[in-house]
Colleague: 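Can you keep this structure in mind? I'll have questions shortly.
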Amino acid sequence: LMSTLRVMAHNPQLARHLPKFEDDRNVKVSVMFRGQDVLAKLFEKLTLVLKGLEADGHIQWPLHSFPALKLQPLVRLPAPLLARVHGADSATPLPLPYRRWLWLS
């Protein structure tokens with residue numbers, strides 16, 4: 001639902017081409033019962049129409065660029081433990097203080 005709304009927000013000119021919600025239930029109550037797949041039918045139609053519009057080049061996607069996130073690590077691991085995690089020197093057992101960092105040592 002949010003993806004459809006996002007496409008419509010960025011492409012308001014396409015709203016008139018999209019299928020409308022059609023409530024063809026016999027009993028119209030606020031609760032949806034099993035077997036009344038009204039929303040599923042709507043989303044199937046929306047998917048087909050949006051794929052066709054995208055293939056024709058009618059959908060404009062927003063141009064967003066995000067800067068790379070560069071954070072310093074919050075936890076500094078000891079060198080012997082890092083070597084073990086990266087696969088170096090796995091034949092020798094880890095020192096006891098470092099074993100609590102790994103479940104399998």
Side-chain angles (χ1 to χ4, degrees):
L1 177 63
M2 289 303 298
S3 299
T4 304
L5 293 175
R6 199 170 289 121
V7 169
M8 289 174 63
H10 290 288
N11 300 278
Q13 74 280 5
L14 299 180
R16 60 188 170 110
H17 300 290
L18 298 178
K20 308 292 186 263
F21 177 76
E22 297 174 9
D23 192 1
D24 57 354
R25 296 176 293 165
N26 293 331
V27 179
K28 297 183 179 172
V29 293
S30 61
V31 179
M32 295 275 184
F33 295 107
R34 290 181 188 221
Q36 295 179 338
D37 49 342
V38 180
L39 291 177
K41 290 177 189 176
L42 173 67
F43 286 118
E44 286 174 7
K45 292 177 187 176
L46 273 171
T47 302
L48 289 174
V49 170
L50 288 174
K51 284 183 179 180
L53 289 170
E54 184 177 25
D56 294 340
H58 294 295
I59 295 181
Q60 297 173 0
W61 297 103
L63 299 175
H64 290 295
S65 62
F66 300 99
L69 185 62
K70 296 179 181 176
L71 293 177
Q72 296 297 322
L74 299 176
V75 177
R76 301 222 185 269
L77 298 177
L81 180 61
L82 281 176
R84 176 68 174 254
V85 168
H86 292 296
D89 198 24
S90 60
T92 60
L94 275 175
L96 286 175
Y98 301 142
R99 289 187 186 178
R100 63 187 174 109
W101 290 89
L102 292 179
W103 291 55
L104 302 172
S105 57

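No experiment lies behind these values; they were computed from the predicted model shown.
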Colleague: Do Val49 and Leu42 sit in one hydrophobic cluster, given that two such residues count as connected whenever their side-chain heavy atoms are within less than 4.5 Å of each other, even indirectly?
Modeller: yes
Colleague: Please name all residues satisfying salt bridge (Lys or Arg N to Asp or Glu O under 4.0 Å) with Lys51, sequence neighbours left out, ordered by chain then number.
Modeller: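 Here no residue qualifies.
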Colleague: Identify all side-chain donor-acceptor contacts of residues 7-21 below 3.5 Å with residues at least two apart in sequence or on another chain.
Modeller:
| residue | atom | partner | partner atom | Å |
| --- | --- | --- | --- | --- |
| Asn11 | OD1 | Gln60 | N | 2.7 |
| Asn11 | ND2 | Val7 | O | 3.1 |
| Asn11 | ND2 | Gln60 | O | 3.1 |
| Lys20 | NZ | Ala15 | O | 3.4 |
| Lys20 | NZ | Leu18 | O | 3.2 |

Colleague: Could you measure the distance from the CZ atom of Phe43 to the CG atom of Leu50? Nearest 0.5 Å is fine.
Modeller: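 It is 10.5 Å, given to the nearest 0.5 Å.
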Colleague: Quick one: side-chain contact (heavy atoms from CB on, under 4.5 Å) partners of Leu5, sequence neighbours excluded?
Modeller: Leu1, Met2
